[in-house]
Number of protein chains: 2
Amino acid sequence: MSTKPDSEADALSTRAAKAAERRTAIIEAALDEFTARGFAATRIDDIAKRAGVAKGTIYLHFTDKEAMFQELVRTALVPKLQSLTAEPAPGTSVRQMLEVFADTFLRDVAQTRRGDIVRLVMAEGTRFPSLAEFHYRNVVEPGIAGIGRILEIGVARGEISVAALARFPQLAIAPVLLSVIWQGLFGRFAPLDVQAMLRTHLDLIFGERTES
Amino acid sequence: MSTKPDSEADALSTRAAKAAERRTAIIEAALDEFTARGFAATRIDDIAKRAGVAKGTIYLHFTDKEAMFQELVRTALVPKLQSLTAEPAPGTSVRQMLEVFADTFLRDVAQTRRGDIVRLVMAEGTRFPSLAEFHYRNVVEPGIAGIGRILEIGVARGEISVAALARFPQLAIAPVLLSVIWQGLFGRFAPLDVQAMLRTHLDLIFGERTES
DNA sequence: GTATTATGACTGACTGGTCAGTCATCGTCA
DNA sequence: TGACGATGACTGACCAGTCAGTCATAATAC
């Protein structure tokens, strides 16, 4: 692909390179605008302005607004999922695995623009069923399955005493989801100590008695 | 109010009654449209058609689209909150109190149009900060406080062994919120046994060991 | 009780503005 | 020089909000 004397590959230095740059700029700008305003209220003109590009250029890369929206939102989360579902080193306790998961999530999702994207999916998912389903298949289901595997290990090892928890990995995820929502909607005037909350949640799962 | 020979009161039979009917019809229709399409994509014409009313009539009741949206969404949830925060009969165990809360929530919110409204607030809250703040003050904060009080009793009585839980009532709410989101986005193709999940969550809180 | 007038709720065609998507033209690179 | 990427003015559709006119009902007169 790289050494083939293809006209496209030859142009890599200037033409294709600039095209790729432009595409990236458009994607960045579009994500900013879509997360800030939602699908319907976002203007293509604004995306173009923010990307430093004319409106027509956008239509060289995407067929229409809806296609652009779906393509962007789809690809924005999937790559990062691997780092979350990565198998942990053997010999770690299940509690540590979940702690790593929570920390990674906080660092890579909740505190970055990816958090906005999660909110965006929740906001627009009803109006774009195919988008919701795509996220279920590619983000939610694998995520749930990964957590489920960890929980099963916890139950098998006796670290987790509520065996039914493995049937509902959603319970382990719920506080993380709540954090994303909370920070987006209320964080400005009612900040939440997410880290401490998630630690408490782990105490709950692992049945550690604590004094206040 | 009913016997006063007021011109307004006199007209209650026909004129004012019809006006009230109309207003209700508009509110119903507007909630349907807004929850189905979101704020920006909802057309006033469609609300009018659905309410069986001319467009101009809507502007006799609401100053503009945004005012209507905010007023509707604001008032739609507040009244029902009382039934959720109602003090339970003394002598009930904390677990029972939370069970009642969960059941009431499922019956009155998750499985009704109120669930759509919760989703709507989450979806549009970012774009209507005053709406988010209103909901925080009038729905979230009282709700959190109510659950917090129950949890404190649980800690004091020794029913709950993780004392820090009382600092984060959000942890008790999180699965309920997740249920609403899940059913709205994925319920169609990946239904979730919410009742069983919430029961498991209570097992977690009350440290009941269970076998699968 | 009946006729006449006054009221204001209701209507929907219309306006002004916005915005997605197009395309004739231009500029640039191989 | 020829080809193709980029441009932005333009078009047509769409829609929030308006307002002059209609009509059912209430108030008043007789």
Side-chain angles (χ1 to χ4, degrees), chain A residues 4-30 32-34 36-72 124 127-128, chain B residues 4-30 32-34 36-72 124 127-128:
Chain A
K4 200 170 30 143
D6 195 354
S7 61
E8 284 170 19
D10 285 357
L12 247 180
S13 46
T14 49
R15 225 151 151 135
K18 280 218 166 162
E21 255 174 52
R22 287 232 144 101
R23 191 167 216 280
T24 315
I26 292 171
I27 290 175
E28 287 289 306
D32 283 348
E33 294 288 329
F34 279 134
R37 299 191 216 298
F39 175 77
T42 291
R43 288 177 294 265
I44 298 284
D45 282 302
D46 288 353
I47 296 176
K49 196 171 293 173
R50 184 185 281 254
V53 144
K55 179 153 63 154
T57 307
I58 288 178
Y59 288 91
L60 299 174
H61 293 271
F62 302 93
T63 59
D64 63 7
K65 191 185 176 188
E66 194 170 319
M68 173 166 58
F69 176 72
Q70 298 221 29
E71 185 178 335
L72 295 186
E124 307 284 356
R127 265 147 265 147
F128 294 95
Chain B
K4 194 163 44 134
D6 193 355
S7 63
E8 282 172 20
D10 284 359
L12 245 182
S13 46
T14 52
R15 220 149 153 140
K18 281 219 166 161
E21 253 174 52
R22 286 238 144 97
R23 192 168 215 279
T24 314
I26 292 171
I27 289 175
E28 287 289 306
D32 283 348
E33 294 288 329
F34 279 133
R37 296 190 218 298
F39 175 77
T42 291
R43 288 176 294 265
I44 298 285
D45 282 300
D46 287 352
I47 296 176
K49 196 171 294 173
R50 184 185 280 254
V53 143
K55 179 151 66 153
T57 307
I58 289 177
Y59 288 91
L60 299 174
H61 292 271
F62 303 93
T63 59
D64 63 7
K65 191 185 175 187
E66 193 170 320
M68 173 166 60
F69 175 72
Q70 298 223 28
E71 186 179 334
L72 295 187
E124 306 284 355
R127 266 147 263 148
F128 295 93

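Just so you know, these numbers use all the heavy atoms, side chains as well, and skip hydrogens, waters and symmetry mates. We name chains A, B, ... by the order of the sequence lines, and we start the count at 1 in each one.
Using cut-offs of 30° and 60° on the angle between ring planes, the pair B:F128 and B:F69 is tilted.
Between A:R37 and B:R127, the shortest heavy-atom contact is O-CD, 3.0 Å. Shortest non-hydrogen contact noted between A:T63 and A:A67 is OG1-CB, 3.3 Å. Nearest heavy-atom pair across B:A54 and B:A48 is C-CB, 4.0 Å. The heavy-atom pair separating B:I47 from B:I26 by the smallest distance is CG2-O, 4.1 Å. Across all non-hydrogen atoms, the minimal contact from B:E66 to B:F39 is CA-CE1, 3.8 Å.
Here B:R43 pairs with B:D46 under the salt bridge (Lys or Arg N to Asp or Glu O under 4.0 Å) rule; sequence neighbours left out.
A heavy atom closer than 4.0 Å to some atom of DNA chain C occurs in A:K55, A:Y59, A:D64, A:K65, these being the qualifying members of residues 52-65 of chain A.
Distance CD (B:E66) to P (D:dA16): 13 Å, rounded to an integer number of Å. In this structure, A:R37 atom CZ and C:dA20 atom P are separated by 12 Å, rounded to whole Å. The nearest whole Å value for the distance from the CE atom in B:M68 to the C1' atom in D:dC15 is 13 Å. One atom, CD1 of A:I47, and another, P of D:dG8, lie 17 Å apart when rounded to the nearest Å. If you measure from atom CD1 of B:I26 to atom C1' of C:dA9, you get 11 Å, rounded to the nearest angstrom. Look at NZ on B:K49: it is 14 Å from P on C:dT11, rounded to the nearest Å. Whole-Å rounding puts the A:D45 CG to C:dA20 C1' distance at 9 Å. The distance from atom CG of B:D46 to atom P of D:dC14 is 12 Å, rounded to the nearest whole Å.
Axis deviation across the helix from C:dG1-D:dC30 to C:dA30-D:dT1 amounts to 0°, comparing end segments of five pairs, rounded to 10 degrees.
Contact annotation: A:R43 side-chain N/O to C:dT18 OP1/OP2 distance is not under 4.0 Å. When the side-chain nitrogen and oxygen atoms of B:R23 are compared with OP1 and OP2 of C:dA9, none of them lie within a distance under 4.0 Å.
Contact annotation: the side chain of A:R22 never approaches that of A:L60 to less than 4.5 Å [non-hydrogen atoms, C-beta and beyond]. Between A:F34 and A:K65, the closest side-chain pair of non-hydrogen atoms falls below 4.5 Å.
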